[in-house]
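Let me begin by presenting the structure, written as structure tokens, before commenting on it.
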Amino acid sequence: MSSDTPIDIAPIDLAIAGGGLAGALIAFALRARRPELRVVIIESGAHAGGNHIWSCFENDVALADRWLIEPLIAHSWGGHEVHFPSFERGLPGGYASLSSERLDAALRAAMPAGDLILGAEVSNLTPTRVTLADGRIIEAGGVIDARGPGDMSALDLGWQKFVGLSWRTERPHGVAHPIIMDATVDQSDGYRFVYTLPFSASELFIEDTYYTTGPELAVDAIRNRIADYAAEQGWAGTPGDRVETGLLPVCMGGDFERYWRAASPGVAKAGLRGGFFHAMTGYSLPDAVRVAMRIASLPDFSGAVLHEEMLAMARAHWRGQAYYRLLATMLFRAAEPTERWRILARFYRLDPALIGRFYAGRSSLFDKLRVLVGRPPVPIGRAIHALGAHTS
Ligand SMILES: Cc1cc2nc3c(=O)[nH]c(=O)nc-3n(C[C@H](O)[C@H](O)[C@H](O)COP(=O)(O)OP(=O)(O)OC[C@H]3O[C@@H](n4cnc5c(N)ncnc54)[C@H](O)[C@@H]3O)c2cc1C
């Protein structure tokens with residue numbers, strides 16, 4: 001094939017650049033709801049989804065939309081726990097973990113042969129054309145850029161960063177539910193907690209997580225800390241095969257319009273590339289589901305219309321995240337790093353339904369006030385300063 005030959009003569013309605021979480025969910029939604037459309041995914045990896053465990057609370061995803069993620073769920077539980085120096089709490093909400101292996105398998109099953117293009121690096125996008133690094137060109141009615149985080153320099157960010165390790169225990173570990181935050185650990189490097197998922201009676205997935213201002217991640221040192229933590233919990237054992245590292249944006253502010261324009265101007269964007277993430281947690285799964293379902297309901301998939309629709313969704317999402325950006329600002333700018341855990345400890349004493357709405361990004365006005373009133377564990381002068389910086 002010569003370098004400027006179109007890949008296939010059958011017309012493509014939609015080309016999605018990036019077969020990660022957001023791109024795959026859009027494809028699933030369209031295969032189910034709009035099977036008449038030809039959708040092509042172009043992914044640079046040898047498989048879709050990268051190397052991820054994506055977790056969410058049961059109520060993060062609307063009941064009517066759960067079918068979209070069900071085939072991807074590798075583990076689920078009926079409750080979860082948090083541990084702080086001052087208290088432990090079991091919470092009733094269900095929790096589920098999706099795996100990239102399942103996403104890859106589901107995508108291969110859902111996409112007609114040839115429409116999932118793997119090992120292909122996208123080098124340029126326009127609203128109706130994808131150019132690959134090897135020179136091939138894919139023309140489509142519309143294009144979505146779902147290539148994960150792009151240039152984030154327009155945003156004011158802190159980081160939630162972590163190393164996760166699967167851990168095989170010599171004896172049954174006895175952990176029944178995910179411990180989504182154990183903040184009883186040393187806090188000298190910003191807000192730190194350990195996150196543990198019990199995958200089976202003798203297999204855990206343990207993640208050591210830090211909320212810090214800098215993005216650097218000392219992977220080997222953190223792996224050793226995970227082994228130390230497991231030993232302290234009485235979970236004698238050895239690391240398994242799975243290692244995951246994450247550097248998730250925690251957004252305090254910035255110029256959304258500049259972020260949107262930074263990559264592939266005029267092209268519709270989904271997932272992190274489109275700014276669809278929770279400003280406080282960096283998580284994107286609930287938004288990826290909402291966006292995929294919304295796209296599947298659109299009447300027109302032409303590049304320019306898609307861009308306008310998705311830009312409108314992304315702007316609305318950015319506006320809706322203002323409160324979470326404010327909280328992120330208070331966490332990073334108003335609290336001493338070693339005292340940040342107190343903000344989360346106070347939060348986790350609140351009503352479980354309020355906590356659930358917070359993670360789903362659907363806090364009510366009452367929720368927002370409830371989180372802020374009382375005695376915030378940050379000095380009032382600094383809180384006012386952080387608020388001033390946030391709103392200026
Ligand atoms: C280790 C880890 C764990 C996380 N856990 C959670 C979680 O539990 N819950 C949650 O909600 N969020 C989680 N997140 C945050 C966020 O939801 C994920 O990063 C999510 O995968 C983002 O989805 P996305 O589709 O925007 O990007 P990605 O899933 O990263 O997908 C982007 C895809 O584009 C491909 N790509 C990139 N460049 C090109 C190119 N030039 N050409 C072709 N393909 C390209 C990549 O290979 C990748 O497959 C996690 C993030 C990480 C890193």
Side-chain angles (χ1 to χ4, degrees), residues 15-28 40-57 60-61 69 72-75 80 95-100 103-104 107 116-125 130-134 136 138 143-152 159-166 178 180-181 195 197 205 207-209 215 217 219 222 242-251 263-264 267 269-292 310 314 317 359-361:
I16 302 172
L21 184 65
L25 289 176
I26 294 168
F28 292 139
V40 165
I41 291 196
I42 307 105
E43 161 60 41
S44 57
H47 55 265
N51 168 29
H52 285 295
I53 304 277
W54 297 283
S55 298
C56 62
F57 298 98
D60 283 357
V61 176
I69 60 165
L72 316 184
I73 295 177
H75 305 276
H80 58 280
Y95 199 67
S97 293
L98 288 58
S99 71
S100 42
L103 181 142
D104 180 54
L107 203 55
L116 175 59
I117 303 170
L118 296 168
E121 181 83 19
V122 171
S123 64
N124 192 51
L125 297 174
V130 178
T131 305
L132 304 187
D134 63 10
R136 286 180 292 168
I138 298 171
V143 168
I144 295 178
D145 187 356
R147 289 178 290 167
D151 172 3
M152 293 194 139
W159 303 97
Q160 182 192 173
K161 56 194 192 185
F162 53 81
V163 176
L165 205 59
S166 56
I180 59 156
M181 259 182 207
Y195 165 97
L197 300 174
F205 185 70
E207 232 167 55
D208 193 359
T209 304
L217 192 61
V219 177
I222 297 176
R242 184 162 210 130
V243 184
E244 224 181 76
T245 57
L247 187 61
L248 275 52
V250 178
C251 186
S264 42
V267 177
K269 299 175 186 74
L272 287 179
R273 180 78 45 148
F276 294 102
F277 61 92
H278 192 299
M280 202 35 201
T281 65
Y283 275 21
S284 73
L285 192 149
D287 296 312
V289 173
R290 280 197 282 269
V291 168
M310 296 193 69
H317 178 72
Y359 280 111

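We're numbering straight along the sequence, starting at 1. Just so you know, ligand 1 is whichever comes first in the structure, and atom 1 is the first atom listed for that ligand. The analysis underlying the following values was restricted to heavy atoms, covering all of them including side chains, and did not include hydrogens, waters or symmetry mates. For clarity, every value in this text was computed on a predicted model and none was experimentally measured.
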Point to revise | Polar proximity ligand 1 side, Arg273 side, N/O cut 3.5 Å exclusive | key: no
Check your understanding: Which pair of heavy atoms, one from Phe277 and one from Cys251, lies closest together, and at what distance?
Key -> CE1-CB, 4.0 Å
**Study point:** Nearest heavy-atom neighbours spanning Ala27 and Leu107
**Key:** CB-CD1, 4.1 Å
Review point. Is there a side-chain contact between Asp287 and His317 (heavy atoms, below 4.5 Å)?
Key: yes
Review point. Ligand 1 and Gly23, any nitrogen or oxygen pair closer than 3.5 angstrom?
Key: no
Point to revise | Test item, Phe162 contacting ligand 1 (heavy atom, 4.0 angstrom) | key: yes
Review point. Can you check whether Leu132 reaches Val122 side chain to side chain, under 4.5 Å on heavy atoms?
Key: yes
Point to revise | Shortest protein heavy-atom distance from atom 6 (C) of ligand 1, along with the residue and atom involved | key: Tyr283 CE1, 3.7 Å
Check your understanding: Which atoms of ligand 1 sit under 4.0 Å from any heavy atom of Ile42?
Key -> 43 (C), 44 (N)
Practice item. Could you check atom 43 (C) of ligand 1 against the protein and tell me its nearest heavy-atom contact, residue, atom and distance included? Key: Ser44 N, 3.2 Å
Review point. Would you say Asp60 contacts ligand 1, with heavy atoms under 4.0 Å as the rule?
Key: no
Practice item. May I ask which of Glu207, His278, Glu43 has a heavy atom nearer to atom 33 (C) of ligand 1 than the others do? Key: Glu43
Point to revise | Proximal ligand 1 atoms for Glu244, defined as those under 4.0 Å from one of its heavy atoms | key: 1 (C), 2 (C), 3 (C)
**Study point:** Distance filter under 4.0 Å to Ala146 heavy atoms, resulting ligand 1 atoms
**Key:** 32 (C), 33 (C), 34 (O)
Check your understanding: Taking the minimum heavy-atom distance to atom 25 (O) of ligand 1, which of Gly271, Ala22, Pro286 ranks first?
Key -> Ala22
Practice item. Kindly give the heavy-atom pair with the smallest separation between Glu121 and Ser44, and that separation in Å. Key: OE1-CB, 3.3 Å
Check your understanding: Where do Ala288 and Ala22 come nearest, in terms of heavy atoms and distance?
Key -> CB-CA, 4.3 Å
Study note, to complete from the structure: Looking only at protein heavy atoms, what sits closest to atom 5 (N) of ligand 1 is Ile53 O, 3.3 Å
Review point. Any N/O of Trp54 closer than 3.5 Å to an N/O of ligand 1?
Key: yes
Check your understanding: Among protein heavy atoms, which sits nearest to atom 52 (C) of ligand 1, and what does the distance come to when rounded to 0.1 Å?
Key -> His52 CE1, 3.3 Å
Check your understanding: Can you list the atoms of ligand 1 that are under 4.0 Å from a heavy atom of Ala120?
Key -> 42 (N), 43 (C)
**Study point:** Gly282: numbered ligand 1 atoms lying under 4.0 Å from its heavy atoms
**Key:** 15 (C)
Practice item. Ignoring angles and geometry beyond distance, decide whether Leu21 reaches within less than 3.5 Å of ligand 1 through its nitrogen or oxygen atoms. Key: yes
Exercise for review: Check each atom of ligand 1 against the heavy atoms of Thr245 and keep those under 4.0 Å away; list them by number with element.
Suggested key: 1 (C), 53 (C)
Review point. Would you say Leu285 and ligand 1 have an N/O pair spaced under 3.5 Å apart?
Key: yes
Exercise for review: Looking only at protein heavy atoms, identify the closest one to atom 51 (C) of ligand 1 and say how far it is in Å.
Suggested key: Leu248 CD1, 3.4 Å
Review point. Heavy-atom distance to atom 22 (C) of ligand 1: which of Ser55, Ser284, Ala133 wins?
Key: Ser284
Practice item. Indicate yes or no: at least one non-hydrogen side-chain atom of Leu72 is less than 4.5 angstrom from one of Trp54. Key: no
Revision key, fill the gap. Heavy-atom nearest pair, Ile26 first then Ile16, reads CG2-CD1, 3.8 Å
Practice item. Look at the side chain of Arg242 and the backbone N and O of His52, then say whether any donor-acceptor pair between them is shorter than 3.5 Å. Key: yes
Practice item. Below 4.0 angstrom from a heavy atom of Gly148, which ligand 1 atoms are there? Numbered from 1 as shown, please. Key: 26 (O), 27 (O), 32 (C)
Exercise for review: Just say parallel, tilted or perpendicular for the rings of Tyr195 and Tyr95, cut-offs at 30° and 60°.
Suggested key: perpendicular
**Study point:** Side chain Arg273, main chain Gly148, donor-acceptor under 3.5 Å
**Key:** yes
Check your understanding: Between Gly49, Gly18, Gly274, Gly119, which one has a non-hydrogen atom sitting closest to atom 34 (O) of ligand 1?
Key -> Gly18
Practice item. Return the residue, atom name and 0.1 Å-rounded distance of the protein heavy atom closest to atom 31 (O) of ligand 1. Key: Gly20 CA, 3.1 Å
Exercise for review: Taking Gln160 for its side chain and Gly282 for its backbone only, find out whether a donor-acceptor pair lies under 3.5 Å.
Suggested key: no
Check your understanding: Is Leu247 close to Pro149 at the side-chain level, that is, under 4.5 Å between some pair of heavy atoms?
Key -> no
Revision key, fill the gap. among protein heavy atoms, the one nearest atom 37 (C) of ligand 1 is Arg147 O, 3.5 Å
Point to revise | Lys269 versus Met310, closest heavy-atom pair with distance | key: O-CE, 3.1 Å
Exercise for review: Answer yes or no: is there a donor N or O on one side and an acceptor on the other, between the side chain of Asn51 and the main chain of Val243, under 3.5 Å?
Suggested key: yes
Check your understanding: At what distance, to the nearest 0.5 angstrom, does CD1 of Ile138 lie from CD1 of Ile42?
Key -> 4.0 Å
Exercise for review: Write out the residue and atom name of the closest protein heavy atom to atom 19 (O) of ligand 1, then the distance separating them to 0.1 Å.
Suggested key: Leu272 CD1, 3.8 Å
Exercise for review: Run the numbers for me: atoms of ligand 1, each under 4.0 Å from some heavy atom of Glu121, listed by number.
Suggested key: 40 (C), 41 (N), 42 (N)
